[in-house]
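Model, not experiment: these values are computed from the prediction. We use all heavy atoms of the structure for the numbers below, so side chains are in, but hydrogens, waters and symmetry mates are not.
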Amino acid sequence: MRHLLFEARAALASPNRNARSAVVLGRLLGIAFVVCFGTGIYSHLLQEPLGWMRFPTRPTQLYQFTQGLHITTGIAIIPLLLAKLNTVMPALVQVPPVRGVLHLFERLSIAVLVSASIIQVTTGLLNTYQWYPWPFPFRQVHNAMAYVIIGSLIIHIASKLPVIARYWRKRDSYDEQGRFIADPASGSELLPPVREARGASAPPAAVAETAGSTAPGLLGRVFRWIDGVDAVKAVDAATEEPVADAPEPTRASRSVEERAQGRRQRIARRGFFGGVTAAVVGVVALTAGQSSKLAEPFNVFGARQRGLGANGLPVNRTARAAGVLASATAADWTLTVVGPDVTRTFVRAELVALGTTEVDLPISCVEGWSQMGSWKGVRMRDLLGAVQAEPGSHVRVTSLERHGGYRIMDMGPEYAEDPTTLVALELNGSTLDLDHGFPARIIAPGRPGVLQTKWIEKIEVLR
């Protein structure tokens with residue numbers, strides 16, 4: 001088994017699979033996970049705030065930015081995570097597999113980190129397309145998994161601090177020829193394996209990295225001609241032993257060979273990181289247009305396209321899916337506003353008679369897409385004033401929907417008193433489309449789309 005693990009590790013050897021590459025990719029992944037964690041927690045708290053919490057209403061596009069950043073960074077994590085897994089692959093077959101109890105727990109924490117990360121980015125990506133092929137509630141599990149990832153990431157960083165410190169800087173990681181410096185004292189698991197049997201002068205990993213100059217036959221001559229190497233020690237491919245009658249390389253030829261090795265390793269590393277960069281830029285550029293107007297022309301794979309849909313905006317939940325086709329179009333629809341001492345009901349014409357205001361606010365959904373709309377309706381604070389509600393009141397809004405986790409929505413006083421928070425009646429110059437919440441809906445600054453309740457029937461002042 002030890003021999004098989006050693007051979008597998010040697011077969012996986014590559015100039016890209018070293019501690020320096022792992023540190024560089026780890027830095028990028030760490031930043032991306034922290035960004036996703038922070039923006040994700042903000043979104044979660046907006047939907048389930050603690051009683052004392054107040055949130056900013058300016059800039060009005062704050063949630064559009066934070067959630068767009070959350071989704072875009074989460075998508076960028078996918079190629080970065082695949083690149084990181086590719087880089088650390090030799091560590092999967094390290095010899096021995098476990099060196100003690102602490103090492104076992106370290107490997108288990110890595111297994112938790114990797115598996116949780118894969119689940120998180122996969123389910124998050126599918127959520128952007130509103131596809132949920134699993135039996136558990138997405139939002140609660142996604143939130144809990146974020147804490148698992150951050151916790152296991154902290155453990156992983158703590159266990160790898162010596163390696164991170166040793167290979168943090170590029171100049172400390174490569175010699176003057178550009179070859180990776182394997183430092184056993186760092187504790188890295190991504191060092192070339194050392195042959196314990198047969199006394200080979202160079203481990204297979206090193207042979208694999210320099211195969212271009214040590215390969216026998218015509219192919220070896222071609223590689224040596226490309227590298228400018230006149231004479232090197234030939235190696236038997238089967239035994240990995242030097243050929244007996246091969247000439248001993250001179251100091252000059254060894255220097256040329258070292259430079260050739262460094263050049264090949266640099267080219268391999270640059271090609272690898274160039275491919276990773278292209279993949280990250282590609283997935284970001286082709287999806288960010290669903291939340292960023294600048295990237296709109298490149299939005300090939302984003303879940304929503306700008307300007308498409310009723311009233312010129314996309315629709316997440318339709319009136320048919322919400323089961324309000326009849327109740328929302330009923331001729332006797334009224335909006336009930338319940339104050340501390342006064343309760344009033346308004347038909348649509350009476351709402352218009354109160355006076356309407358027009359504001360430009362984005363509709364920003366948790367799935368990551370966001371688009372700006374021009375909304376027209378009655379200010380929430382004017383409605384609350386009509387029932388003699390005191391300033392600083394909390395508000396509860398109820399939809400005509402009879403089922404669904406967002407049928408009832410609570411709104412803090414910072415939103416209820418904001419002059420741009422409306423009971424919207426029109427969108428982009430036309431009456432609200434039924435799928436956008438006709439006859440009336442909520443629009444407020446800096447809130448997730450799921451809290452911009454559609455098809456409202458009642459507004460209650462809580463205190």
Side-chain angles (χ1 to χ4, degrees), residues 34-73 288-296 304 306 311-314 316 354-385 389-397 406 409-428 436-437 440-454 456 459 461-463:
V34 169
V35 169
C36 279
F37 181 73
T39 53
I41 293 302
Y42 180 69
S43 178
H44 181 78
L45 291 176
L46 280 172
Q47 297 173 63
E48 295 186 10
L50 302 178
W52 52 267
M53 286 184 171
R54 299 292 182 270
F55 299 94
T57 61
R58 296 293 184 277
T60 59
Q61 295 172 271
L62 178 61
Y63 188 75
Q64 180 181 29
F65 172 76
T66 60
Q67 194 63 9
L69 180 63
H70 179 82
I71 298 299
T72 301
T73 305
Q290 62 182 334
S291 60
S292 170
K293 191 171 183 179
L294 292 176
E296 179 183 344
R304 298 292 185 273
R306 288 182 173 271
N311 291 124
L313 290 181
N316 262 12
L354 285 177
T356 57
T357 301
E358 188 169 352
V359 298
D360 291 334
L361 290 176
I363 185 77
S364 309
C365 288
V366 294
E367 293 86 3
W369 68 268
S370 304
Q371 295 189 28
M372 184 65 72
S374 181
W375 308 85
K376 189 175 183 180
V378 183
R379 287 176 175 173
M380 175 65 76
R381 67 184 187 183
D382 292 342
L383 276 176
L384 298 182
E390 295 182 0
S393 298
H394 282 70
V395 172
R396 176 167 293 167
V397 180
Y406 296 98
M409 177 271 291
D410 288 352
M411 176 184 290
E414 68 272 32
Y415 296 108
E417 295 177 355
D418 192 281
T420 61
T421 298
L422 304 182
V423 172
L425 306 173
E426 297 181 14
L427 171 58
N428 289 335
H436 272 305
R441 69 168 296 164
I442 298 295
I443 189 69
R447 304 198 89 196
V450 291
L451 301 182
Q452 312 282 31
T453 309
K454 299 192 285 188
I456 60 176
I459 299 174
V461 176
L462 300 182
R463 66 177 186 273

- Message: Could you report the tightest heavy-atom contact between Ile456 and Thr453, atom names first, then the distance?
- Response: CG2-O, 3.6 Å

- Message: Quick one: does any side-chain atom of Arg441 pair with a main-chain N or O of His436 as donor and acceptor, under 3.5 Å?
- Response: yes

- Message: Please check this pair: side chain of Arg447 against backbone of Gln452, looking for a donor-acceptor N/O pair closer than 3.5 Å.
- Response: no

- Straight-line distance of Tyr406 OH to Lys454 NZ, nearest 0.5 Å: 13.5 Å

- Message: Between Val359 and Thr60, is there a side-chain heavy-atom distance shorter than 4.5 Å?
- Response: no

- Looking only at non-hydrogen atoms, find the nearest pair between Glu417 and Pro391 and report the distance. OE2-C, 3.1 Å

- Query: Is there side-chain contact between Ile442 and Tyr415, with heavy atoms separated by less than 4.5 Å?
  - Reply: no

- Task: Please assess Ile363 against Trp369 for the test side-chain contact (heavy atoms from CB on, under 4.5 Å), listing each intermediate value before the final yes or no.
- Result: CA-CA 8 Å; Ile363 185 77; Trp369 68 268; 3.8 Å; yes

- Verify, without hydrogens or angle tests, whether Asp418 (side chain) and Thr420 (backbone) share a donor-acceptor contact under 3.5 angstrom. yes

- Are any of the side-chain heavy atoms of Ser393 and Leu462 separated by less than 4.5 Å? no

- Task: Would you give the length of the straight line joining atom CG of Leu422 to atom CE of Met380, rounded to the nearest 0.5 angstrom?
- Result: 9.0 Å

- Message: Any side-chain to backbone donor/acceptor pair from Thr39 onto Cys36? Under 3.5 Å, distance only.
- Response: yes

- Query: Just by modelled atom types, is the Leu69 backbone N or O under 3.5 Å from a matching donor or acceptor in the Thr72 side chain?
  - Reply: no

- Mind listing the closest non-hydrogen atom pair of Pro56 and Leu62 along with its distance? CG-CD2, 3.6 Å

- About how many Å separate CG of Leu46 and CD1 of Ile41, when rounded to the nearest 0.5 Å? 11.5 Å

- Calculate, to the nearest 0.5 Å, the distance between atoms CD and CG belonging to Glu426 and Asn311 respectively. 9.5 Å

- Message: Nearest 0.5 angstrom please: Asp360 CG to Gln61 CD, how far?
- Response: 9.5 Å

- Query: Does the side chain of Ser374 come under 3.5 Å of the side chain of Asn428 through a donor N or O and an acceptor N or O?
  - Reply: no

- Message: To the closest 0.5 Å, what do you measure between CD (Gln67) and CZ (Phe65)?
- Response: 12.0 Å

- For the residue pair Pro314 and Gln371, what are the closest heavy atoms and their distance? CG-NE2, 3.2 Å

- When you look at CD of Glu358, are more than 12 heavy atoms from neighbouring residues, nucleotides or ligands closer to it than 6.0 Å? yes

- Run through Ser43, Ser370, Ser364 and flag the one making a side chain to side chain donor-acceptor pair (under 3.5 Å) with Tyr63. Ser43

- Item | Shortest non-hydrogen contact from Asn316 toward Glu367 | ND2-OE1, 2.9 Å

- Item | Val366 vs Gln47 side-chain heavy atoms within contact, under 4.5 Å | yes

